[in-house]
Colleague: 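Starting off with a structure, shown below.
The figures that follow rest on heavy atoms only: side chains count, while hydrogens, waters and symmetry mates do not.
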Amino acid sequence: MQLLDGKYVSEKLKGEIAEEAAKILVRTGRKPHLVAVLVGHNGGSETYVASKMKNCEKVGFKSTLVRYEDTVSEEELLAKVSELNADADIDGIIVQLPLPKHIDPEKVTERIDHRKDVDGFHPVNLGRMQRNLPSFIPATPYGITLMLKEYGIETAGKHCVVVGRSNIVGSPMSILMARNTTPGNCTVTICHSRTPDIKKFTLDADILIVAIGKKNFITADMVKDGVVVVDVGMNRETSTVTKSGYKLFGDVDFEGVSQKASWITPVPGGVGLMTIIGLLKNTLASANKDVYQ
């Protein structure tokens, strides 16, 4: 078993991103600029946004955090997104999910200008991705493909099983792995909560990508020897033994599955770090006008 080490890959790619950001600054006199909108005080969201802002600083981006209490109206939030769309100094806009129940996340996502949608959730970007056209790819799937590429994981002709069908990870991941690209060219099966006998499919996987949101859902008896395992799960539990007061668990039982896997991502230290890389790469591409002119 070998680790797909998100810490190693993310640090390497951050170095490359910083070099590109420095070139943009010399050429244009400005830094790539990411704006994050955070509503309320969800602990996980606070942590994720803080990490995104910190990493922007590390690679030489400008970052701005716009905060609202969870009582903000949908109308006010949508108006703010429109204002950010119109600001020529902003390259990327993200609105951190989840949002309070009275705000429709689909309305907010569609309000973001697709040319600044560096989370890659806008229907225009998802549609262009499906057609293998230049687009902003959802950050987590994008980060996973960068990791597979960095480690030279062979994907062409392999059977990739994706467990989970969310619009953020599972569905776009299945499209990316099936596309005529590298990584890609897999035969893809997508499983979810309504799939009977998931084990039947996971046992046949050459590459298993798990994003179902259930602690240790995939166990050693559900995978074959030599499988490549990508664990997207980030399940937080309170803990008295960690400084942060909580502990993270993946969707895969690492201890058992790692005995059979050829490659596997740890949690933490795997996909989470690569998600931020996907976001930074999209923001850089926006600043460079690589996707949309």
Colleague: Mind checking side chain to side chain donor-acceptor pair (under 3.5 Å) for Lys247 and listing every partner two or more places apart, or none if nothing turns up?
Modeller: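 By the side chain to side chain donor-acceptor pair (under 3.5 Å) rule, Lys247 matches no residue at all.
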Colleague: Going by side chain to side chain donor-acceptor pair (under 3.5 Å), name the residues that satisfy it together with Lys80, two or more places apart in sequence or in a different chain.
Modeller: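 Result, side chain to side chain donor-acceptor pair (under 3.5 Å) vs Lys80: Glu83.
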Colleague: Identify, with sequence neighbours excluded, every residue that meets side chain to side chain donor-acceptor pair (under 3.5 Å) alongside Ser73.
Modeller: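 Counting only residues at least two positions away or on another chain, Ser73 forms no side chain to side chain donor-acceptor pair (under 3.5 Å).
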Colleague: In terms of side-chain geometry, is the basic nitrogen of Lys54 or Glu57 positioned less than 4.0 Å from the acidic oxygen of its partner?
Modeller: no
Colleague: Just one of Asp197, Leu208, Thr195, Val229 clears the side chain to side chain contact (heavy atoms under 4.5 Å, CB included) bar with Thr202, so which one?
Modeller: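 Among the candidates, only Leu208 passes.
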Colleague: Filter on salt bridge (charged side-chain N to carboxylate O under 4.0 Å, His left out), then keep only pairs touching residues 37-49, sequence neighbours left out; what's left?
Modeller: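 Of all non-adjacent pairs touching residues 37-49, those that pass salt bridge (charged side-chain N to carboxylate O under 4.0 Å, His left out) are Glu46-Arg67.
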Colleague: Say whether His159 and Thr189, considering side chains only, have a donor N or O and an acceptor N or O under 3.5 Å apart.
Modeller: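 Per modelled atom types, His159 and Thr189 side chains form a pair under 3.5 Å.
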Colleague: Check Asp5 with Lys12, please: is the shortest side-chain N to carboxylate O separation under 4.0 Å?
Modeller: no
Colleague: Can you tell me if Asp70 uses its side chain to pair, donor with acceptor, with the backbone of Pro100 under 3.5 Å?
Modeller: no
Colleague: Verify the distance criterion only: is there a donor paired with an acceptor across the side chains of Asn180 and Asn185 at less than 3.5 Å?
Modeller: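 Checked: Asn180/Asn185 side chains pair up, N/O donor to acceptor below 3.5 Å.
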Colleague: Sort and list the pairs that fulfil salt bridge (charged side-chain N to carboxylate O under 4.0 Å, His left out) and have at least one residue in residues 203-223, not counting sequence neighbours.
Modeller: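 Salt bridge (charged side-chain N to carboxylate O under 4.0 Å, His left out) check on residues 203-223 returns Lys199-Asp221, Asp206-Lys224, Lys215-Glu237.
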Colleague: Specify the closest pair of heavy atoms between Met274 and Met147, including all atoms of both residues, with the distance to one decimal.
Modeller: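 It is CG-CE, 3.4 Å.
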Colleague: Is a donor on one side and an acceptor on the other found under 3.5 Å between the side chain of Ser258 and the backbone of Glu255?
Modeller: yes
Colleague: Rounded at 0.5 Å granularity, tell me how far CD1 in Ile112 sits from CG in Leu84.
Modeller: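 Result: 9.0 Å between the selected atoms.
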Colleague: Look only at the side chain of Asn288 and the backbone of Asp290, and say whether a donor-acceptor pair between them is shorter than 3.5 Å.
Modeller: no
Colleague: Mind checking what makes side chain to side chain contact (heavy atoms under 4.5 Å, CB included) contact with Ala36, not counting sequence neighbours?
Modeller: Val49, Met53, Leu65, Ile94
Colleague: Which atom pair, heavy atoms only, marks the closest approach of Val267 to Met234?
Modeller: CG1-SD, 4.2 Å
Colleague: To the nearest 0.5 Å, what is the distance between CG (Leu38) and NE2 (His41)?
Modeller: 8.0 Å
Colleague: Heavy atoms only: give me the nearest Thr265-Leu4 pair and the separation to one decimal.
Modeller: CG2-CB, 3.6 Å
Colleague: Can any side-chain N or O of Ser171 pair as donor or acceptor with the backbone N or O of Arg165 at less than 3.5 Å?
Modeller: yes
Colleague: Is the backbone N or O of Val108 less than 3.5 Å from a side-chain atom of Glu106, with the two atoms forming a donor-acceptor pair by type?
Modeller: no
Colleague: Nearest heavy-atom pair of Met1 and Ile264: which atoms, and what distance?
Modeller: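 It is SD-CG2, 3.6 Å.
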Colleague: Is there a donor-acceptor contact under 3.5 Å linking the side chains of Asn216 and Asp251?
Modeller: no
Colleague: What about the rings of Phe136 and Tyr292, do their centers lie closer together than 6.0 Å?
Modeller: yes
Colleague: Other residues, nucleotides and ligands only: do more than 12 of their heavy atoms fall within 6.0 Å of CZ on Arg27?
Modeller: yes
Colleague: Report yes or no: does His102 contribute a side-chain atom to a donor-acceptor pair with the main-chain N or O of Val72 at less than 3.5 Å?
Modeller: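 Yes, because the side chain of His102 sits within donor-acceptor range (under 3.5 Å) of the backbone of Val72.
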Colleague: Tell me yes or no: between the side chains of Ser286 and Arg115, is some donor less than 3.5 Å from an acceptor?
Modeller: no
Colleague: Between Ser63 and His33, does any side-chain donor sit less than 3.5 Å from a side-chain acceptor?
Modeller: no
